[in-house]
Amino acid sequence: MRIRSRRRRRHNPLRRRSDVMEAWVVTVVAVLLCVLAPLAGISAGLYTYDRARAHATEQRAERHAVRAVVRGRPDARPTVRGDRGQGYRAEVRWTEAGRGPRTAVAPVPVGTRAGDTVTVWFDGRGRAVPAPADDVAVWQHTVAVGLATVGGTAAIVLLARAVERRVALRRRLDEWERAWARTGPRWTRRRA
(Lines give C-alpha, C1' and ligand atoms only; values in the text may rest on other atoms or scores of the structure.)
Protein backbone atom coordinates (compact mmCIF):
# COMPACT_ATOMS: atom_id res chain seq x y z
CA MET A 1 0.00 0.00 0.00
CA ARG A 2 1.40 3.33 -1.02
CA ILE A 3 1.04 6.43 1.01
CA ARG A 4 0.59 9.44 -1.13
CA SER A 5 2.01 12.70 -0.02
CA ARG A 6 -0.57 15.42 0.19
CA ARG A 7 2.14 18.00 -0.03
CA ARG A 8 2.48 18.64 -3.69
CA ARG A 9 4.11 21.56 -5.26
CA ARG A 10 1.37 23.09 -7.30
CA HIS A 11 1.30 26.49 -8.74
CA ASN A 12 -1.17 28.49 -6.74
CA PRO A 13 -1.96 31.85 -8.34
CA LEU A 14 -2.97 33.28 -4.97
CA ARG A 15 0.38 32.46 -3.35
CA ARG A 16 2.68 35.28 -4.24
CA ARG A 17 6.44 35.21 -3.95
CA SER A 18 6.26 38.00 -1.37
CA ASP A 19 4.05 35.82 0.87
CA VAL A 20 6.60 33.02 0.79
CA MET A 21 9.41 35.47 1.60
CA GLU A 22 7.43 36.92 4.49
CA ALA A 23 6.88 33.44 5.94
CA TRP A 24 10.63 32.80 5.81
CA VAL A 25 11.38 36.17 7.39
CA VAL A 26 8.97 35.45 10.25
CA THR A 27 10.68 32.09 10.80
CA VAL A 28 14.14 33.70 10.84
CA VAL A 29 12.96 36.43 13.25
CA ALA A 30 11.49 33.80 15.58
CA VAL A 31 14.77 31.86 15.58
CA LEU A 32 16.75 35.04 16.21
CA LEU A 33 14.50 36.02 19.11
CA CYS A 34 14.46 32.55 20.67
CA VAL A 35 18.11 31.60 20.10
CA LEU A 36 20.33 34.59 19.30
CA ALA A 37 18.98 37.02 21.91
CA PRO A 38 19.39 34.62 24.86
CA LEU A 39 22.85 33.56 23.66
CA ALA A 40 23.91 37.19 23.38
CA GLY A 41 22.60 37.85 26.90
CA ILE A 42 24.38 34.83 28.34
CA SER A 43 27.69 35.68 26.69
CA ALA A 44 27.48 39.33 27.76
CA GLY A 45 26.57 38.23 31.29
CA LEU A 46 29.49 35.81 31.53
CA TYR A 47 31.92 38.43 30.25
CA THR A 48 30.52 41.00 32.69
CA TYR A 49 30.69 38.54 35.58
CA ASP A 50 34.39 37.89 34.97
CA ARG A 51 35.17 41.60 34.71
CA ALA A 52 33.07 42.59 37.74
CA ARG A 53 34.57 39.83 39.85
CA ALA A 54 38.09 40.89 38.93
CA HIS A 55 37.21 44.52 39.71
CA ALA A 56 35.73 43.56 43.10
CA THR A 57 38.87 41.54 43.90
CA GLU A 58 41.04 44.55 43.05
CA GLN A 59 38.88 46.76 45.28
CA ARG A 60 39.15 44.32 48.19
CA ALA A 61 42.94 44.25 47.79
CA GLU A 62 43.39 48.03 47.79
CA ARG A 63 40.75 49.02 50.39
CA HIS A 64 40.70 48.36 54.10
CA ALA A 65 37.96 48.63 56.70
CA VAL A 66 38.30 50.59 59.93
CA ARG A 67 35.96 50.56 62.93
CA ALA A 68 35.54 54.22 63.84
CA VAL A 69 33.52 56.29 66.26
CA VAL A 70 31.37 59.11 64.88
CA ARG A 71 32.54 62.35 66.49
CA GLY A 72 30.35 65.00 64.97
CA ARG A 73 26.77 65.17 63.83
CA PRO A 74 26.22 63.83 60.29
CA ASP A 75 25.51 66.45 57.63
CA ALA A 76 21.94 67.64 57.40
CA ARG A 77 21.90 66.95 53.67
CA PRO A 78 22.61 63.54 52.13
CA THR A 79 25.55 63.25 49.78
CA VAL A 80 24.86 63.02 46.06
CA ARG A 81 26.56 59.64 45.87
CA GLY A 82 24.61 57.79 48.56
CA ASP A 83 25.27 54.15 47.88
CA ARG A 84 24.25 51.15 49.99
CA GLY A 85 22.52 53.22 52.61
CA GLN A 86 25.47 55.55 53.14
CA GLY A 87 23.94 58.88 52.36
CA TYR A 88 25.53 61.20 54.93
CA ARG A 89 29.05 62.34 55.76
CA ALA A 90 30.38 62.84 59.27
CA GLU A 91 33.66 63.23 61.10
CA VAL A 92 34.92 59.88 62.42
CA ARG A 93 37.82 58.96 64.73
CA TRP A 94 39.72 55.71 65.04
CA THR A 95 43.04 54.47 66.38
CA GLU A 96 45.48 52.98 63.94
CA ALA A 97 48.24 50.69 65.15
CA GLY A 98 51.59 52.48 65.10
CA ARG A 99 50.10 55.83 64.04
CA GLY A 100 47.84 56.76 66.94
CA PRO A 101 44.39 58.36 66.74
CA ARG A 102 43.21 59.64 63.37
CA THR A 103 40.18 61.57 62.14
CA ALA A 104 38.56 61.95 58.76
CA VAL A 105 35.26 62.88 57.13
CA ALA A 106 33.67 59.72 55.77
CA PRO A 107 30.28 58.46 54.57
CA VAL A 108 28.17 56.97 57.37
CA PRO A 109 24.90 55.03 57.28
CA VAL A 110 21.61 56.84 57.53
CA GLY A 111 20.44 57.27 61.11
CA THR A 112 23.94 57.36 62.63
CA ARG A 113 24.40 59.58 65.70
CA ALA A 114 27.46 60.99 67.43
CA GLY A 115 29.16 58.28 69.48
CA ASP A 116 28.02 55.36 67.28
CA THR A 117 30.61 52.92 65.98
CA VAL A 118 30.60 52.45 62.21
CA THR A 119 32.70 50.62 59.63
CA VAL A 120 34.48 53.02 57.29
CA TRP A 121 36.47 52.01 54.21
CA PHE A 122 39.66 53.76 53.06
CA ASP A 123 41.80 53.31 49.97
CA GLY A 124 45.61 53.20 49.83
CA ARG A 125 45.82 57.01 49.76
CA GLY A 126 43.73 57.41 52.90
CA ARG A 127 40.58 58.68 51.16
CA ALA A 128 37.20 57.52 52.40
CA VAL A 129 35.62 55.26 49.78
CA PRO A 130 32.56 53.02 49.56
CA ALA A 131 32.87 49.38 50.59
CA PRO A 132 34.13 47.06 47.84
CA ALA A 133 31.52 45.26 45.79
CA ASP A 134 30.36 41.98 47.30
CA ASP A 135 29.15 38.87 45.47
CA VAL A 136 25.55 40.08 45.49
CA ALA A 137 26.51 43.33 43.76
CA VAL A 138 28.55 41.40 41.18
CA TRP A 139 25.59 39.12 40.42
CA GLN A 140 23.17 42.04 40.23
CA HIS A 141 25.44 43.77 37.74
CA THR A 142 25.82 40.56 35.74
CA VAL A 143 22.08 39.91 35.53
CA ALA A 144 21.35 43.54 34.64
CA VAL A 145 23.84 43.53 31.77
CA GLY A 146 22.60 40.15 30.52
CA LEU A 147 18.96 41.24 30.52
CA ALA A 148 19.81 44.56 28.90
CA THR A 149 21.69 42.71 26.16
CA VAL A 150 18.74 40.36 25.57
CA GLY A 151 16.39 43.34 25.40
CA GLY A 152 18.70 45.29 23.09
CA THR A 153 19.17 42.33 20.76
CA ALA A 154 15.42 41.71 20.65
CA ALA A 155 14.78 45.40 19.96
CA ILE A 156 17.25 45.41 17.07
CA VAL A 157 15.73 42.24 15.57
CA LEU A 158 12.19 43.61 15.89
CA LEU A 159 13.22 46.98 14.44
CA ALA A 160 14.81 45.22 11.47
CA ARG A 161 11.60 43.19 11.07
CA ALA A 162 9.51 46.38 11.08
CA VAL A 163 11.74 47.95 8.40
CA GLU A 164 11.61 44.76 6.31
CA ARG A 165 7.83 44.61 6.64
CA ARG A 166 7.49 48.21 5.51
CA VAL A 167 9.70 47.58 2.46
CA ALA A 168 7.81 44.36 1.66
CA LEU A 169 4.49 46.17 1.90
CA ARG A 170 5.69 48.84 -0.51
CA ARG A 171 6.85 46.17 -2.98
CA ARG A 172 3.60 44.26 -2.61
CA LEU A 173 1.58 47.38 -3.38
CA ASP A 174 3.75 48.01 -6.45
CA GLU A 175 3.13 44.42 -7.60
CA TRP A 176 -0.60 44.89 -7.14
CA GLU A 177 -0.49 48.11 -9.17
CA ARG A 178 1.33 46.37 -12.02
CA ALA A 179 -1.07 43.41 -11.91
CA TRP A 180 -4.06 45.73 -11.95
CA ALA A 181 -2.57 47.66 -14.85
CA ARG A 182 -2.58 44.39 -16.80
CA THR A 183 -5.92 43.06 -15.58
CA GLY A 184 -7.91 46.24 -15.01
CA PRO A 185 -8.61 47.14 -18.68
CA ARG A 186 -10.14 43.71 -19.31
CA TRP A 187 -12.50 44.05 -16.39
CA THR A 188 -13.49 47.65 -16.83
CA ARG A 189 -14.03 47.94 -20.58
CA ARG A 190 -17.44 49.05 -21.53
CA ARG A 191 -19.74 46.67 -23.20
CA ALA A 192 -21.77 47.97 -26.03
Kindly compute the distance separating [atom1] ([X]) from [atom2] ([Y]), expressed to the nearest 0.5 Å.
X    : Y    : atom1 : atom2 : result
R178 : T183 : CZ    : OG1   : 12.5 Å
E91  : R71  : CD    : CZ    : 4.5 Å
T142 : I42  : OG1   : CD1   : 13.0 Å
L158 : R165 : CG    : CZ    : 12.5 Å
D123 : R63  : CG    : CZ    : 7.0 Å

Kindly give the heavy-atom pair with the smallest separation between [X] and [Y], and that separation in Å.
X    : Y    : answer
Q59  : P132 : OE1-CA, 3.4 Å
P107 : A128 : CD-CB, 3.8 Å
A44  : V145 : O-CG1, 4.2 Å
V138 : R53  : CG1-N, 4.1 Å
V120 : A68  : CG2-CB, 4.2 Å
P38  : V150 : CA-CG2, 4.2 Å

For [X], does the [atom1] atom sit with more than 12 other heavy atoms under 6.0 Å from it, leaving out its own atoms?
X   : atom1 : result
R51 : CZ    : no
R60 : CZ    : yes
H55 : NE2   : no

Could you tell me whether the side chain of [Y] reaches within less than 4.5 Å of the side chain of [X], counting heavy atoms only?
X   : Y    : value
V66 : F122 : yes
V26 : R161 : yes
L39 : T153 : no

Can [Y] be reached from [X] by stepping across I, L, V, M, F, W or Y side chains whose heavy atoms are under 4.5 Å apart?
X    : Y    : answer
V31  : I156 : no
V25  : V28  : yes
L36  : L33  : yes
V118 : W94  : yes

R102 meets the side-chain hydrogen bond (donor to acceptor under 3.5 Å, both in side chains) criterion, sequence neighbours left out, with E96
Look at the rings of W187 and W180 and say which category their plane angle falls in: under 30° parallel, 30 to 60° tilted, over 60° perpendicular. perpendicular
Check for a donor-acceptor pair, side chain of R172 on one end and backbone N or O of D19 on the other, with a separation under 3.5 Å. no
